[in-house]
Amino acid sequence: MKTKKDRMDLIRMIISSQEVGSQEELQAALKAEGVSVTQATLSRDLKQMKVAKAATMAGGYVYVLPNVAMYRRVSTPAQVKEMMQVPGFLSIQFSGNMGVIKTRPGYASSIAYNIDNSNIPYIIGTIAGDDTIFIVTREDAHEKDVVKALSSVVPNLK
C-alpha cells in the first residue's frame, strides 16, 4: 500500500462489500489484500473515517461507513417491513409537535432511516442516537395519526 489514502480506500471497499464485525476481522481482510496494519493504526483510521457499528438482522454488529449504512440498500417498502420485523421498538411519547421513540440499543438509526424514507406526511424529520429517535411532526398532526402511520413502518408500534 503506497499511501494512507490507498489503505483507507481499501478499508472502505472491504466494509461496504462484506459484513465485518471486529477490528480483528478487518485486519484479516486487509492482510488477505496484502496490507499489514497494526491495531492502533486501524483504530485511528476507523475513527478518522467516522466508521460506526450498526445492528444486523441477526442481532450482531458490523462496521458501517457514514452515509452508506447497510439500510440504504433497501429499495421497496415490502423489504423495509421485512427488515423491521426484528423487534427494536420499545416506546413512543409525544410533547406538542415533538416525539421521542425509545429503541433497543443499536436500532435507532435504522428505524429512523426507515421512517425518513417512508415519506410519512405528518413527520418533518428525525434525529437518531443509539437507542433514541427524536421526531418532529407537523403542527397540525395528531398523535393518533402519527402513530397509525408509523405502525406501517414499525410493526411493534401500537
Side-chain angles (χ1 to χ4, degrees), residues 4-5 7-23 25-26 29 41-158:
K4 178 178 180 177
K5 181 190 176 313
R7 182 179 67 243
M8 291 174 97
D9 286 343
L10 182 57
I11 291 170
R12 282 185 193 92
M13 185 182 77
I14 291 169
I15 290 173
S16 64
S17 66
Q18 56 188 284
E19 290 191 352
V20 180
S22 69
Q23 288 187 10
E25 289 176 26
L26 186 52
T41 299
L42 184 56
S43 183
R44 283 189 296 272
D45 287 350
L46 293 173
K47 184 175 181 176
Q48 182 178 345
M49 295 166 58
K50 295 183 175 35
V51 170
K53 280 200 167 182
T56 66
M57 296 304 295
Y61 289 88
V62 293
Y63 287 117
V64 292
L65 298 169
N67 300 322
V68 190
M70 66 182 172
Y71 306 105
R72 295 204 174 176
R73 296 181 192 146
V74 175
S75 59
T76 65
Q79 290 173 316
V80 170
K81 280 188 168 183
E82 288 171 20
M83 185 173 78
M84 293 305 299
Q85 293 304 311
V86 175
F89 170 83
L90 296 177
S91 67
I92 186 168
Q93 291 185 342
F94 292 93
S95 177
N97 72 322
M98 298 176 288
V100 174
I101 298 174
K102 292 293 195 174
T103 71
R104 290 179 37 211
Y107 284 84
S109 65
S110 63
I111 292 173
Y113 176 83
N114 291 329
I115 292 169
D116 289 338
N117 286 289
S118 294
N119 298 318
I120 297 172
Y122 307 111
I123 297 176
I124 295 172
T126 65
I127 299 173
D130 182 54
D131 62 357
T132 305
I133 304 167
F134 174 74
I135 63 172
V136 177
T137 63
R138 299 202 182 280
E139 289 286 334
D140 59 346
H142 297 285
E143 288 179 25
K144 64 178 176 26
D145 295 329
V146 174
V147 170
K148 183 177 179 183
L150 283 171
S151 67
S152 69
V153 177
V154 185
N156 298 340
L157 191 127
K158 294 177 175 74

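Every value quoted in this text rests on a predicted model; they were computed, and no experiment measured them.
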Handout entry: From CA spacing to verdict: salt bridge (Lys or Arg N to Asp or Glu O under 4.0 Å), Lys148, Asp145
Key = CA-CA 5 Å; Lys148 183 177 179 183; Asp145 295 329; over 6 Å; no

Exercise for the section: Begin with the C-alpha distance, continue with both residues' side-chain angles, and end with the deciding distance and a verdict on side-chain contact (heavy atoms from CB on, under 4.5 Å) for Ile11 and Leu42. Expected result: CA-CA 9 Å; Ile11 291 170; Leu42 184 56; 3.8 Å; yes

Exercise for the section: Show your working on side-chain contact (heavy atoms from CB on, under 4.5 Å) between Leu150 and Ile135 and close with a plain yes or no. Expected result: CA-CA 11 Å; Leu150 283 171; Ile135 63 172; 4.3 Å; yes

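The shortest heavy-atom contact between Thr137 and Ala141 is CB-CB, 4.1 Å. Gln18 and Ala29 make their closest contact through OE1-CB, 4.5 Å (heavy atoms, listed as atom of the first residue, atom of the second, distance). Residues Ile133 and Ala108 approach most closely at CD1-O, 3.4 Å, considering heavy atoms. For Ile123 against Ile115, the heavy-atom pair with the smallest separation is CD1-CG2, 3.8 Å.
At least one side-chain heavy atom of Val147 sits less than 4.5 Å from a side-chain heavy atom of Phe94. Counting heavy atoms from C-beta outward, Thr132 and Lys102 have side chains that approach closer than 4.5 Å. Using a 4.5 Å heavy-atom threshold, the side chains of Leu46 and Ile15 count as touching. Looking only at side-chain heavy atoms (C-beta outward), Lys4 and Arg44 stay at 4.5 Å or farther from each other.
Here the CG-NZ distance, from Leu10 to Lys5, works out to 11.5 Å after rounding to the nearest 0.5 Å. Going from atom OG of Ser109 over to atom CG of Asp131 covers 11.0 Å, rounded to the nearest 0.5 Å. A distance of 4.0 Å separates CE in Met49 from CZ in Arg12, rounded to the nearest 0.5 Å.
Formation of a donor-acceptor pair under 3.5 Å by the Ser95 side chain with backbone atoms of Met98 is not found in this model. Formation of a donor-acceptor pair under 3.5 Å by the Asn97 side chain with backbone atoms of Val136 is not found in this model.
Heavy-atom contacts from other residues, nucleotides or ligands closer than 6.0 Å to OH of Tyr122 number 12 or fewer.
The residue from Glu19, Glu25, Gln23 that alone fulfils the side-chain contact (heavy atoms from CB on, under 4.5 Å) condition with Tyr63 is Gln23.
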